[in-house]
Amino acid sequence: MLWSLLKILVFVAIVAALAYGAGFLMESDEGIRIAVANMEFTFGPLQAVIVMLALLALVWLTLRIAGLIVATLRFLTGDETALSRYFDRNRERKGYQALADAMMALASGESRLASVRAAKAEKLLGKPELTNLITAQAAEQSGDTAKATAAYKRLLAHDASRFVGVTGLMKQKLEAGETETALKLAEKAMVLKPKHEATQDTVLRLQAEGGDWTGARATLNTKLRHGSLPRPLHKRRDAVLALSEAQDAARDGETTKAENGAIEANKLSPELIPAAVMAAETHISRGKPRVAAKIIKKAWASQPHPDLAVAFAKIAPDEKPIARINRFGILTNMMPDNAETKMLKTELQIADENFPAARKALGDLPETDPSVRSLTLMAAIERGEGADDAAVRGWLTKALTASRGPQWVCENCSNPHTEWTAICLHCGGFDTLSWKVPPAKSQAMPASTEFLPLIVGAPAVPAETIVEETVSIEDHMDPAAAQEAVVTDITPGDDTAEMVEETADEAIIPATEKA
């Protein structure tokens with residue numbers, strides 16, 4: 001509004017100045033006298049202005065005629081487009097202005113105006129390779145998918161715009177959920193521009209989502225070859241793909257392929273815990289316990305994990321509890337202050353029925369970092385030392401609503417997973433799972449992290465069952481009401497209380513006696 005008013009005021013001021021200047025010239029008595037050879041010309045003020053304007057027009061016309069003569073001479077000397085360029089110069093100027101207007105309208109979100117300007121630019125310039133992209137993007141912005149698809153297809157006809165057309169169609173197929181077609185288009189785009197990093201990432205993601213691990217590894221090598229992926233990260237992701245391929249082979253019953261793939265994945269990334277576990281189990285089955293122990297030890301030094309402890313136990317499954325404590329010393333002595341190490345030492349001492357030592361090993365973990373597992377271990381210690389049912393039930397009640405501890409959590413969407421996978425099941429991120437404590441509202445429970453995994457095998461009541469029952473209550477009431485319901489439900493005559501007591505009783509039975 002203010003800008004429009006300002007423009008009106010400027011226009012009025014210009015008109016007033018011109019009118020004043022014309023009046024001044026009409027009232028002036030002086031003129032201009034021009035002498036040429038023996039001739040003399042005298043002009044009044046107004047006549048002088050008219051003559052000046054006529055001279056400017058004459059100069060402009062002279063330049064235009066001179067340009068036409070030059071274009072004609074160039075045409076006669078072999079430049080076949082000289083005359084067309086001369087006559088189309090003004091047309092091109094208008095066309096490029098319309099093209100610029102279309103781009104500005106598109107950036108401003110005015111899709112309809114952008115489409116109109118792009119059509120005008122195409123009519124003036126006759127260069128669809130310049131205008132079709134704007135037309136397609138404007139159509140997408142306005143939701144006209146059919147028009148956008150037609151524009152992208154027209155881009156395929158020109159070498160300079162073919163890549164843009166393919167990638168545009170690929171994105172449309174991705175939005176429509178047609179991943180197979182999108183993958184074929186992405187592969188075609190990567191052939192056109194092998195160094196295009198975004199296209200490489202799209203191909204890699206689609207191949208991984210489709211379980212084409214061999215193709216994904218080839219794409220990963222392409223990224224390394226063209227310098228779009230650092231070598232350390234390449235090794236890590238190559239290990240992830242090799243492990244995924246090995247897991248699929250194991251599910252299909254291809255044992256040899258699965259074992260070799262697991263060993264390769266572990267060599268590429270010794271810190272990748274699932275690969276270390278699978279490779280260690282492979283060496284155990286092949287009668288190489290020392291190699292398996294070395295693999296687990298190296299992975300444990302990177303990050304303690306219960307699956308590593310379970311695999312380490314499989315090296316000598318029938319050993320006595322005291323022998324197991326001594327053998328596990330190579331793991332428990334690495335990171336003595338780590339929570340996983342403390343719980344592992346506690347489980348080993350409970351298996352040996354040395355409950356004072358188990359309490360010492362657990363330390364203040366139930367108070368400083370309470371989790372389902374640490375609180376259940378405390379309940380087992382209380383039961384083993386002969387504490388009354390109220391004390392045991394108190395620890396187990398706390399376990400029902402406690403944190404579930406570290407899980408496989410996606411770095412992108414923060415969703416937990418019960419098992420490690422190369423692709424996040426929620427957001428589709430590749431190699432985004434890490435072992436850490438998830439957000440407070442997470443509901444997943446690692447399948448491998450049962451109560452006391454090294455000692456009791458499968459407990460009478462899995463931790464998942466108890467905790468999931470609590471979660472289902474919490475989902476439908478406020479936290480205070482949920483806590484009250486949990487405490488109220490665990491009474492001496494209640495079925496839940498009996499199951500909880502069976503779990504605590506099971507926890508203090510050594511593995512050797514169970515066998």
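Computation of the quantities below employed the complete heavy-atom set of this structure, encompassing side-chain atoms and omitting hydrogens, waters and symmetry-equivalent molecules.
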>> I need the minimum non-hydrogen distance between Leu308 and Gln303, along with the two atoms involved.
In response: CD1-O, 3.7 Å
> Closest approach of Glu140 and Ala148, non-hydrogen atoms and distance?
Replying inline: CG-CB, 3.6 Å
> Are Gln207 and Arg217 close enough that some pair of their side-chain heavy atoms sits under 4.5 Å apart?
Replying inline: no
> Would Thr199 and Phe163 count as a side-chain contact (heavy atoms from CB on, under 4.5 Å) if you check the C-alpha gap in whole Å, the side-chain angles of each, and the deciding distance to 0.1 Å?
Replying inline: CA-CA 10 Å; Thr199 304; Phe163 174 80; 3.6 Å; yes
>> Between Met170 and Lys188, does the side-chain contact (heavy atoms from CB on, under 4.5 Å) criterion hold? Intermediate values first, please.
In response: CA-CA 10 Å; Met170 175 197 71; Lys188 176 65 176 176; over 6 Å; no
> Between CD1 of Ile296 and CD1 of Ile284, what distance do you get to the nearest 0.5 Å?
Replying inline: 5.5 Å
> Is there a side-chain contact between Arg236 and Leu268 (heavy atoms, below 4.5 Å)?
Replying inline: no
>> Before you tell me yes or no, could you show the steps for His417 and His426 under side-chain contact (heavy atoms from CB on, under 4.5 Å), namely the whole-Å CA-CA distance, both residues' side-chain angles and the distance that decides it to 0.1 Å?
In response: CA-CA 9 Å; His417 295 63; His426 295 86; 3.7 Å; yes
> Are side-chain N/O atoms of Ser228 and Gln200 paired as donor and acceptor at under 3.5 Å?
Replying inline: yes
> Quick one: is the NZ or CZ of Arg327 closer than 6.0 Å to the six-membered ring centre of Phe312, and within 45° of its axis?
Replying inline: yes
> Is it the case that Tyr152 and Gln137 place a side-chain donor and acceptor less than 3.5 Å from each other?
Replying inline: no
>> Donor-acceptor check, side chain of Thr421 to backbone of Ile423, threshold 3.5 angstrom: yes or no?
In response: yes
> What distance separates Leu243 CG from Ile263 CD1, expressed to the nearest 0.5 Å?
Replying inline: 12.5 Å
>> Under a 3.5 Å distance rule, please check whether Ser142 uses its side chain to pair with a backbone N or O of Ala139 as donor and acceptor.
In response: yes
> Is a side-chain donor or acceptor of Asn338 paired with a backbone partner of Glu340 at a separation under 3.5 angstrom?
Replying inline: yes
> Between Lys184 and Glu180, is the closest basic N to carboxylate O distance under 4.0 Å?
Replying inline: no
>> Could you check whether any side-chain heavy atom of Pro306 comes within less than 4.5 Å of a side-chain heavy atom of Arg373, counting everything from C-beta outward?
In response: yes
> Side chains of Glu411 and Ser434: is there a donor and an acceptor less than 3.5 Å apart?
Replying inline: yes
> Taking C-beta and beyond as the side chain, do Pro270 and Ser302 meet within less than 4.5 Å on heavy atoms?
Replying inline: no
> Can you tell me if Asp352 uses its side chain to pair, donor with acceptor, with the backbone of Leu348 under 3.5 Å?
Replying inline: no
>> Main chain of Ala265, side chain of Ser269: is a donor-acceptor contact present, judged purely on distance under 3.5 Å?
In response: no
> What are the two closest heavy atoms between Ala309 and Phe328, and how far apart are they?
Replying inline: O-CZ, 3.5 Å
>> Quick check: do Leu396 and Val392 have side-chain heavy atoms less than 4.5 Å from each other?
In response: yes
> Looking at Gly429 and Asn412, what are the two nearest heavy atoms and their distance?
Replying inline: CA-ND2, 4.1 Å
> Looking at CD1 of Ile381 and OG1 of Thr346, how far apart are the two atoms once the value is rounded to the nearest 0.5 Å?
Replying inline: 5.5 Å
> Rounded to the nearest 0.5 Å, what separation is found between the CG atom of Leu362 and the CE atom of Met378?
Replying inline: 6.5 Å
> Between Thr167 and Val164, is there a donor-acceptor pair closer than 3.5 Å when you use the side chain of the first and the backbone of the second?
Replying inline: yes
> Would you say Asn333's side chain and Gly329's backbone share a donor-acceptor pair under 3.5 angstrom?
Replying inline: yes
>> Please tell me whether Asn132 and His158 have a donor and an acceptor in their side chains that are separated by less than 3.5 angstrom.
In response: no
>> Applying the salt bridge (charged side-chain N to carboxylate O under 4.0 Å, His left out) criterion to Glu281, which one of Lys288, Arg286, Lys314 satisfies it?
In response: Lys314
>> So, taking the atom named CG in Asp431 and the one named CG in Asp238, what distance separates them when rounded to the nearest 0.5 Å?
In response: 11.5 Å
> If you count the non-hydrogen atoms of other residues, nucleotides and ligands that lie under 6.0 Å from NZ in Lys436, is the total more than 12?
Replying inline: yes
> Does the side chain of Ser371 come under 3.5 Å of the side chain of Ser374 through a donor N or O and an acceptor N or O?
Replying inline: yes
>> Please report the interatomic distance CD(Glu178) to CG(Leu185), rounded to the nearest 0.5 Å.
In response: 9.5 Å
> For Met278 and Ala258, which heavy atoms make the closest approach, and how far apart are they?
Replying inline: CE-O, 3.9 Å
> Should the ring pair Trp435 and His305 be called parallel, tilted or perpendicular, given that the plane angle runs from 0 to 90° and is split at 30 and 60?
Replying inline: tilted
>> Within the supplied structure, the quantity of interest is the number of heavy atoms (other residues, nucleotides, ligands) at a distance under 6.0 Å from Met104 CE; does it exceed 12?
In response: no
> Can Glu264 and Lys235 be counted as an ion pair, charged N to O under 4.0 angstrom?
Replying inline: no
> Would Glu347 and Arg324 count as a salt bridge (charged side-chain N to carboxylate O under 4.0 Å, His left out) if you check the C-alpha gap in whole Å, the side-chain angles of each, and the deciding distance to 0.1 Å?
Replying inline: CA-CA 11 Å; Glu347 293 178 1; Arg324 176 161 288 185; over 6 Å; no
>> Surrounding CE of Met335 (heavy atoms of other residues, nucleotides or ligands, distance under 6.0 Å), is the total greater than 12?
In response: yes
> Which atom names give the shortest non-hydrogen contact between Asp248 and Gly211, and what distance separates them?
Replying inline: OD2-O, 4.5 Å
>> For a quick check under 3.5 Å, do Lys147 and Ser115 share a side-chain donor-acceptor pair by atom type?
In response: yes
> Salt bridge between Lys223 and Asp201, side-chain N to carboxylate O under 4.0 Å?
Replying inline: yes
>> Could you check whether atom CZ of Arg290 has more than 12 heavy atoms from other residues, nucleotides or ligands sitting under 6.0 Å from it?
In response: no
>> Treating His226 as the side-chain partner and Leu224 as the backbone partner, does any N or O pair qualify as donor plus acceptor under 3.5 Å?
In response: no
> Between Glu245 and Thr214, does any side-chain donor sit less than 3.5 Å from a side-chain acceptor?
Replying inline: yes
>> Quick test of your reading of the model: are Glu367 and Lys398 salt-bridged, counting only N-O distances below 4.0 Å?
In response: no
> Can you tell me if Thr341 uses its side chain to pair, donor with acceptor, with the backbone of Asp337 under 3.5 Å?
Replying inline: no
>> Do Cys413 and Cys424 make a side-chain contact, defined as non-hydrogen atoms from C-beta onward lying under 4.5 Å apart?
In response: yes
> Do the side chains of Trp395 and Pro366 get nearer than 4.5 Å, heavy atoms only?
Replying inline: yes
> Salt bridge or not for Asp388 and Arg393, using N-O below 4.0 Å?
Replying inline: no
> Do the non-hydrogen side-chain atoms of Ile273 and Trp408 ever get within less than 4.5 Å of each other?
Replying inline: yes
> Between Val203 and Leu183, does a side-chain contact (heavy atoms from CB on, under 4.5 Å) hold up when you go through it step by step?
Replying inline: CA-CA 6 Å; Val203 172; Leu183 176 58; 4.3 Å; yes
> Would you say Thr135's side chain and Ala151's backbone share a donor-acceptor pair under 3.5 angstrom?
Replying inline: no
> Do Gln172 and Thr149 meet the criterion of a side-chain donor-acceptor pair at a distance under 3.5 Å?
Replying inline: yes
